[in-house]
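Here the structure comes first, spelled out in structure tokens, and everything after it is commentary.
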Amino acid sequence: MKKVLVVGGAGYIGSHTVVALANRGYEPVIVDNFYNADPKVLAGLTDILGKKVSLRFADAKNYQELAQIVHQEGGDIHGIIHFAAYKYVNESLSKPLDYYRNNLDSLLNALQLAVDFHIPGLIFSSSCTVYGAPTEAPVKESALSLGLATNPYGKSKEMGERICEDVAKRYEDQLRVLSLRYFNPIGAHPSGLLGELPTRETQNLVPILLEIVRGERKSIKIFGEDFDTPDGTCVRDFVHVMDVAEAHVTGLEYAAQRRQSSAYDFINIGTGTGTSVRQVVEGFQRLNDFPLEVEVTERRAGDVPAVYADTTKAKSRLGWKAQYTVDEALVHAYQWTRHYLGTS
Ligand SMILES: NC(=O)c1ccc[n+]([C@@H]2O[C@H](COP(=O)([O-])OP(=O)(O)OC[C@H]3O[C@@H](n4cnc5c(N)ncnc54)[C@H](O)[C@@H]3O)[C@@H](O)[C@H]2O)c1
């Protein structure tokens, strides 16, 4: 079985990708320092897969630790999927050094590992934040130019992509690197056994709804209802986390099997459809029969009215398109939280 190193694999998207990899015949090896992951997710992985997944505790900022893992795995690694990063936009404004150090050092080490051990494919978790505040939607990959990202988190992704491109070009004979620019991953595994469980304070919409379900928060705030959108609230591209997970397996095959003709490539991962914040909040209540206390407040600085992906490239290069609906994602997220609480 082909081994894939999943760096940051105990986190939200990483753990779901581990399921997708195992289902498609790969042997995932999780590498994580549990900075923002709860070891409880591992039980869910075991339940879904019917066996334990290899797990290595390591800090991706430390190259020696990573290299030792590859040695211990027999050196035979088919690909690296690099999720490890700090991911909160607001926090990155107050801790820019921490964000640049963690997000860039860990990526440099992952690339170094790929080069040193002749690992043929590496996927980098990029983000739609690299587009900054786009004025047009859907957003095409070509909308990226340097300097659009508006915060250290987004800039670490933008710089990360540049680094990937330069390294991939230099080692083109042995390596393909693919950046996946995700829009807004939400939801949980359809079994309800695995889902998002951050250990840090979250800033994202659906995790906040789940905090309310867990009794950790009272109400949800909608920031502004006077945007130029159909219902006045911001529109985003919410994509089911299992669809995002599948995109990684397909993306790794595209890169490592060299169907990717250029040394470096970058692809949007979204549904291609915008859904408003109000639609998500109302859908969550209706689908799960869970009433929420909703508060509408002022707009947040920097929020743009509508951001959703142009997915043409994902379809043409990867043959990938999202399969789940936003409604399904909201139901799966709720089921996961009920399971976590022991009330499902
Ligand atoms: N969730 C989103 O909305 C979203 C959107 C776009 C891009 N991304 C990117 O996708 C990736 C995964 O996101 P996520 O939502 O799963 O985040 P997450 O925080 O749940 O997962 C990241 C994982 O990396 C681990 N990690 C962080 N630094 C590490 C280090 N130095 N060494 C080892 N492990 C480390 C964390 O413990 C965590 O398990 C991140 O790079 C994030 O920036 C996420």
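Source: prediction; values computed, not measured. As the structure lists them, so they are numbered: ligands from 1, and atoms in each ligand from 1. Worth knowing before you read on, the calculation uses all heavy atoms, side chains too, and leaves out hydrogens, waters and symmetry mates.
For Lys157 against Ala85, the heavy-atom pair with the smallest separation is NZ-CB, 3.7 Å.
By the 6.0 Å and 45° rule, Arg200 stacks over the aromatic ring of Tyr35.
Aromatic ring pairs are classed by plane angle as parallel below 30°, tilted from 30° to 60° and perpendicular above 60°; the pair Phe34 and Phe57 is parallel.
A donor-acceptor pair shorter than 3.5 Å cannot be found between the side chains of Thr275 and Tyr308. Side chain to side chain, Glu253 and Tyr26 meet the donor-acceptor criterion of an N or O pair below 3.5 Å.
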List of N/O pairs, ligand 1 versus protein, all under 3.5 Å?
residue, atom, partner, partner atom, Å
ligand 1, 15 (O), Lys87, NZ, 2.7
ligand 1, 16 (O), Tyr12, N, 3.3
ligand 1, 16 (O), Ile13, N, 2.8
ligand 1, 17 (O), Lys87, NZ, 3.4
ligand 1, 19 (O), Asn36, ND2, 2.8
ligand 1, 20 (O), Tyr12, N, 2.9
ligand 1, 28 (N), Asn102, ND2, 3.1
ligand 1, 31 (N), Asp59, OD1, 2.9
ligand 1, 31 (N), Asn102, OD1, 2.7
ligand 1, 32 (N), Ala60, N, 2.8
ligand 1, 34 (N), Asn33, N, 3.2
ligand 1, 34 (N), Asn33, OD1, 3.1
ligand 1, 37 (O), Asp32, OD1, 2.7
ligand 1, 37 (O), Tyr35, N, 3.0
ligand 1, 37 (O), Asn36, N, 2.9
ligand 1, 39 (O), Gly11, N, 3.1
ligand 1, 39 (O), Asp32, OD1, 3.2
ligand 1, 39 (O), Asp32, OD2, 2.7
ligand 1, 41 (O), Phe83, O, 2.8
ligand 1, 41 (O), Lys157, NZ, 2.8
ligand 1, 43 (O), Tyr153, OH, 2.6
ligand 1, 43 (O), Lys157, NZ, 3.1

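With sequence neighbours excluded, the residues forming a side-chain contact (heavy atoms from CB on, under 4.5 Å) with Val281 are Leu205, Ile220, Ile222, Val277, Gln285, Leu292, Val294, listed by chain and number.
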